[in-house]
Novice: 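Let me begin by handing over the structure; questions about it come next.
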2 protein chains.
Amino acid sequence: MAKPRFRRRKEDRPQEITAAALEAFAEKGYSATRVTDVAKRAGVSKGLLYLYFKTKEELFKAVVKSFVSPRIDALKAEIESTELTAEGYFRGPFLAFAKQVPKSPARILVRLMIAEGAKHPDLTDWYHRNVVSHGLAALRSLIERGVRDGEFRKSALQEFPHMVVTPVLFAIVWSLVFGDRAGLNSDRFIEAQVDLLLRAIQADGTDEAGTS
Amino acid sequence: MAKPRFRRRKEDRPQEITAAALEAFAEKGYSATRVTDVAKRAGVSKGLLYLYFKTKEELFKAVVKSFVSPRIDALKAEIESTELTAEGYFRGPFLAFAKQVPKSPARILVRLMIAEGAKHPDLTDWYHRNVVSHGLAALRSLIERGVRDGEFRKSALQEFPHMVVTPVLFAIVWSLVFGDRAGLNSDRFIEAQVDLLLRAIQADGTDEAGTS
DNA sequence: ATAATTGCTGACCCGTTGGTCAGTAAGGAA
DNA sequence: TTCCTTACTGACCAACGGGTCAGCAATTAT
């Protein structure tokens, strides 16, 4: 009664494989990871992998798609339904979310997108349409609400909500490149920049901010 | 009288090769670039390349080093010798410099560092010591001067001069990933963020900004 | 001219890797 | 128990790419 050499689990395989691939890509980057390696991590033969994904490139795309969509949708829904003031939301839930991104697996995707994205235009298109633009739109609507409610004055932040995300990207890149050899306290850093930006657009002054 | 098959130009070769390598790496990334390809671009045989650089990895390091050092030293010297007020320098020369970075070859280095940096700790160490920390120190001293002169109030910017560079990195990454398919006006974006940050720390208010 | 030096070439080597496929065995049906 | 379907395996292949090296030819010394 030898234990079976494998189990048939059609349902779970794709997820197992993309998860393994995410790990592998994260460690070595796309070109440098071997398909065999991904298969090994997933506890599966190379042949099976090619049964579910036609090429290595397909696998890459599947990895990106499967790990991104859920997160952004959650944030978007939350912003639209919150009872907090705009500033309250920025200083509370948004900051909490933003601080945690550089420590999450999401940072790995950033590296992959930067390193390999240019070679996969259809993938980055999808990414922009389904992730980035949704996220930015949510932030923008939050800022607009703040302006309507008299919390914020008019400012360039309405056109460039990106600014509020900018320190998150910076923290991710910093840790990708320098690891923890050159410590940057990403929590305090992100908080500090968001704080300064909010101060700059607070409606207690008189003139408009940054609409030059 | 056939023209000679090649010319002996020991002096120029290394530069020619690193230049060609920069191009190639920029287009394909490190792993995906073939040494043969670099040699071909440089108008040189593969064998010669290996005469000047022991391995592909050595070549990579040489590329990074040769293209970075000059730039940062120039900026540093300029900041230390300028006659402008701190704010004047930020809004003038600094902004001009910052705007032009995302369009320059420097952006390519950013991609290389993000994509491959983690695999070359000695290289990123060198990069941090000789480039990043110099740049940040220069910015910090400029901000401190602004505080001493009463232009700026005390703020988190003293601890995190990074914030002022953040939109530059963002613009670079954006263009690397999305090209010009999702247009971000990097000039206006960078200017807007620097403007908001400067407003936030202007000394016309009463309390300290962002030292929470 | 001739020889000595050395920058340079490119064919070759061999380990690696994306991708294939004939065969094996798990699990369900009858 | 037997048969059938199909999830799964892993040996194999052809191409590729980093790295080598024996020899060639541009330049310099004599």
Novice: Flag this pair as yes if the NZ/CZ of A:Lys56 is under 6.0 angstrom from the six-membered ring centre of A:Tyr30 and inside a 45 degree cone about the axis; otherwise no.
Specialist: yes
Novice: Provide, to the nearest angstrom, the distance between the NZ atom belonging to A:Lys40 and the P atom belonging to D:dT9.
Specialist: 13 Å
Novice: Main chain of A:Gly183, side chain of A:Asp180: is a donor-acceptor contact present, judged purely on distance under 3.5 Å?
Specialist: no
Novice: Tell me if the NZ atom of B:Lys28 is crowded by more than 12 foreign heavy atoms within 6.0 Å.
Specialist: no
Novice: The side chain of A:Lys46 lies closest to which of these nucleotides: C:dG18, C:dG10, D:dG17?
Specialist: C:dG18
Novice: Tell me the interatomic distance from A:Lys28, atom NZ, to C:dT16, atom C1', rounded to whole angstroms.
Specialist: 12 Å
Novice: Does B:Glu11, at its CD atom, have more than 12 non-hydrogen atoms belonging to other residues, nucleotides or ligands within less than 6.0 Å?
Specialist: no
Novice: Which whole-number value in Å describes the distance from B:Asp12 CG to D:dA26 P?
Specialist: 18 Å
Novice: Where each residue is assigned the nucleotide of DNA chain D containing its nearest heavy atom, which of A:Val44 and B:Gly47 is assigned the position nearer the 5′ end?
Specialist: A:Val44
Novice: Give the nucleotide from the list D:dG10, C:dG19, C:dC8 with an atom nearest to the side chain of A:Thr55.
Specialist: C:dG19
Novice: Tell me the interatomic distance from B:Tyr50, atom OH, to C:dC12, atom P, rounded to whole angstroms.
Specialist: 19 Å
Novice: Using the ring centroid of each side chain, check whether B:Trp174 and A:His128 are separated by less than 6.0 Å.
Specialist: yes
Novice: Quick one: B:Lys10 NZ to C:dG7 C1', roughly how many Å, whole number?
Specialist: 8 Å
Novice: What's the closest nucleotide to the B:Arg9 side chain, out of C:dG19, C:dC8, D:dC8?
Specialist: C:dC8
Novice: Please write out the pairs of protein N or O atoms and N or O atoms of nucleotides 27-29 of chain D separated by less than 3.5 Å, giving the distance to one decimal.
Specialist:
| from | atom 1 | to | atom 2 | distance (Å) |
| --- | --- | --- | --- | --- |
| D:dT27 | O4' | B:Arg8 | NH1 | 3.4 |

Novice: Return yes when atom CD of A:Gln15 has more than 12 non-hydrogen atoms of other residues, nucleotides or ligands closer than 6.0 Å, and no otherwise.
Specialist: no
Novice: How is A:Thr33 classified with respect to the nucleic acid when contacts are heavy atoms under 4.0 Å: base, sugar-phosphate, or nothing?
Specialist: sugar-phosphate
Novice: For B:Leu49 and C:dG10, what is the distance between atoms CG and C1' respectively, to the nearest whole Å?
Specialist: 14 Å
Novice: Mind checking if A:Tyr52 touches a base, just sugar-phosphate, or nothing, with heavy atoms under 4.0 Å?
Specialist: sugar-phosphate
Novice: Separation of A:Glu11 atom CD from C:dG27 atom P, in whole Å?
Specialist: 14 Å
Novice: Starting at CZ of B:Arg34 and ending at P of D:dA15, how long is that distance when rounded to a whole Å?
Specialist: 16 Å
Novice: Any idea which of C:dT9, C:dG19, D:dA7 is nearest the B:Leu48 side chain?
Specialist: C:dT9
Novice: When the aromatic ring centroids of A:Phe189 and A:Phe170 are compared, is their separation below 6.0 Å?
Specialist: yes
Novice: Quick check: on DNA chain C, is the nucleotide nearest B:Arg13 upstream (toward 5') of the one nearest A:Tyr30, or the reverse? Name the residue that is more 5'.
Specialist: B:Arg13
